[in-house]
Chemist: 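Structure incoming, see below.
Chain identifiers are assigned alphabetically (A, B, ...) following the order of the sequence lines, protein sequences preceding nucleic acid strands; residue numbering begins at 1 within each chain.
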2 protein chains.
Amino acid sequence: MMNQIKRLRDHGVLVTPQRIAIAEYILKTKAHPHADAVWVHVRRRHPTISRATVYNTLNLFVEKGLVKAQPITGGAVIFDPNVRRHHHFIDEKSGIIYDLPWEAVKVTAERGLSGFEVREYQVVLRGRRRRR
Amino acid sequence: MMNQIKRLRDHGVLVTPQRIAIAEYILKTKAHPHADAVWVHVRRRHPTISRATVYNTLNLFVEKGLVKAQPITGGAVIFDPNVRRHHHFIDEKSGIIYDLPWEAVKVTAERGLSGFEVREYQVVLRGRRRRR
DNA sequence: TCTAACCTTAGATATATTCTAAATGCATGA
DNA sequence: TCATGCATTTAGAATATATCTAAGGTTAGA
Ligand SMILES: [Mn+2]
Ligand SMILES: [Mn+2]
Ligand SMILES: [Zn+2]
Ligand SMILES: [Zn+2]
């Protein structure tokens, strides 16, 4: 899509076919994928893309503010196109990570935080997504 | 210390010299170390202890409820002797992880959480520890 | 003391991520 | 348009984290 290309340029990212392919997936997904999952996805249309390019590109997108790296699980770092403030719920059975809107949870400092300059925070919740 | 040995037995852990050495460090530290840091520490007195034993032992301690694994940073899982509910502040310059008492922050569910069965949660804060 | 179950170990394997250096591609000005 | 210079891509090596294997050693209770 043309608007992804413009979005890359607007963020100071030099456009290449590999970066377009990665952007088209990572900027729209709700799956919170890790780098290897992005690689598997993007290879469907770009069979020769290397793992190093996927890592390089995702790290570049983080640096440019297009995505956020979320190291909230044990294994691999996951990449999140939602760069606004929000919280995360991790389903312990499936491993699926859900976004929770910032307004879903209210966090209030009570005491004992005077020694800490907080730049950002989030609530990380674990449990089971209820069957619907 | 004798009370560490009793503590291991009380948790159904068969006592060995390696486990005592690991317990003496991990059950008292405030450093939130990862497995390799525990290995480096314990080798000062047990030079032949293997990395596998350190990983096996820490995972056993988690299973027995003596410590909690906290996958809140990118790299290695850290092991925490504080198994009560609490929050974490990560100093982004040094990487040092500080415990925040449960009462330091109040978390209130507001809306949109009806589909989620929450088993546990914590607030993860990042920023800079203020110079005192 | 005897013994069965359990533990420790070195090294191999698996997984996640970065590095290296050579080949290739992109953007710009002539 | 094209040459040029700089950035990007690539395969594979290297590094970091974690688990597995199988042989040998230890623990704790009878
Ligand atoms: Mn891991
Ligand atoms: Mn990692
Ligand atoms: Zn998210
Ligand atoms: Zn802690």
Chemist: For A:H34 and D:dT17, what is the distance between atoms NE2 and C1' respectively, to the nearest whole Å?
Modeler: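 These atoms are roughly 15 Å apart.
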
Chemist: In sequence, state the C-alpha distance, the side-chain angles, and the governing distance for B:T16 and B:R19, and then conclude on side chain to side chain contact (heavy atoms under 4.5 Å, CB included).
Modeler: CA-CA 5 Å; B:T16 68; B:R19 286 171 177 184; 3.4 Å; yes

Chemist: B:L8 has an atom CG; how far is it from atom P of C:dC6, in whole Å?
Modeler: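 Value for this atom pair: 17 Å.
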
Chemist: Between B:F79 and B:V15, which residue's closest nucleotide on DNA chain D lies nearer the 5′ terminus?
Modeler: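 So the residue in question is B:F79.
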
Chemist: Residues of residues 35-45 of chain B with any non-hydrogen atom less than 4.0 angstrom from an atom of DNA chain C: list those, numerically ordered, please.
Modeler: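 By residue number: none to list.
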
Chemist: With side chains defined as the heavy atoms from C-beta onward, is the minimum distance between A:R85 and A:Q122 less than 4.5 Å?
Modeler: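 Heavy-atom side-chain distance check fails, nothing below 4.5 Å.
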
Chemist: Show every side chain to side chain donor-acceptor pair (under 3.5 Å) that has at least one partner inside residues 102-115 of chain A, sequence neighbours left out.
Modeler: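 Applying side chain to side chain donor-acceptor pair (under 3.5 Å) to every pair that reaches into residues 102-115 of chain A, excluding sequence neighbours, yields nothing.
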
Chemist: Please name the pair of heavy atoms, one in A:A69 and one in A:F79, separated by the smallest distance, quoted to 0.1 Å.
Modeler: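 Closest approach of A:A69 to A:F79: CB-CE2, 4.3 Å.
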
Chemist: Heavy atoms only: give me the nearest A:I26-A:P33 pair and the separation to one decimal.
Modeler: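 Closest pair (atom of A:I26, atom of A:P33, distance): CD1-CG, 3.6 Å.
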
Chemist: At their closest point, which heavy atom of B:I22 faces which heavy atom of B:I49, and how far apart are they?
Modeler: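 In terms of heavy atoms, the two residues are closest at CD1-CD1, 4.0 Å.
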
Chemist: For the pair made of NZ in B:K64 and C1' in C:dC6, what is the distance, rounded to whole Å?
Modeler: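 Spelled out: NZ on B:K64 to C1' on C:dC6 is 12 Å.
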
Chemist: For the pair made of CD1 in A:I5 and C1' in C:dA27, what is the distance, rounded to whole Å?
Modeler: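 My rounded result for the distance is 15 Å.
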
Chemist: Using whole Å, what does the distance between atom C1' of nucleotide D:dT17 and atom CD1 of B:I72 come to?
Modeler: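 Atom-to-atom, B:I72 to D:dT17, this comes out as 17 Å.
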
Chemist: For D:dA18 and B:Y55 - does any side-chain N or O of the residue sit under 4.0 Å from the phosphate oxygens OP1/OP2?
Modeler: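 Yes, B:Y55 has a side-chain N/O under 4.0 Å of OP1/OP2 on D:dA18.
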
Chemist: Side chains of A:V77 and A:H34: does their closest heavy-atom pair fall under 4.5 Å?
Modeler: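 They are not in side-chain contact.
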
Chemist: When the distance from CD1 of B:I78 to C1' of D:dT17 is rounded to whole Å, what number comes out?
Modeler: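 Between C1' of D:dT17 and CD1 of B:I78: 15 Å.
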
Chemist: Report yes or no: is the cationic atom of A:R129 (NZ for Lys, CZ for Arg) closer than 6.0 Å to the six-membered ring centre of A:Y98, at no more than 45° off its axis?
Modeler: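 Verdict for A:Y98: a cation-pi partner in A:R129.
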
Chemist: For nucleotides 7-16 of chain D, just jot down a letter per nucleotide in 5' to 3' order: B, S or -, based on protein non-hydrogen atoms under 4.0 Å.
Modeler: -SSBB-----

Chemist: Contact between B:N59 and B:E63 at the side-chain level, heavy atoms closer than 4.5 Å - yes or no?
Modeler: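 A side-chain contact is absent here, since even the closest heavy-atom pair is not under 4.5 Å.
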
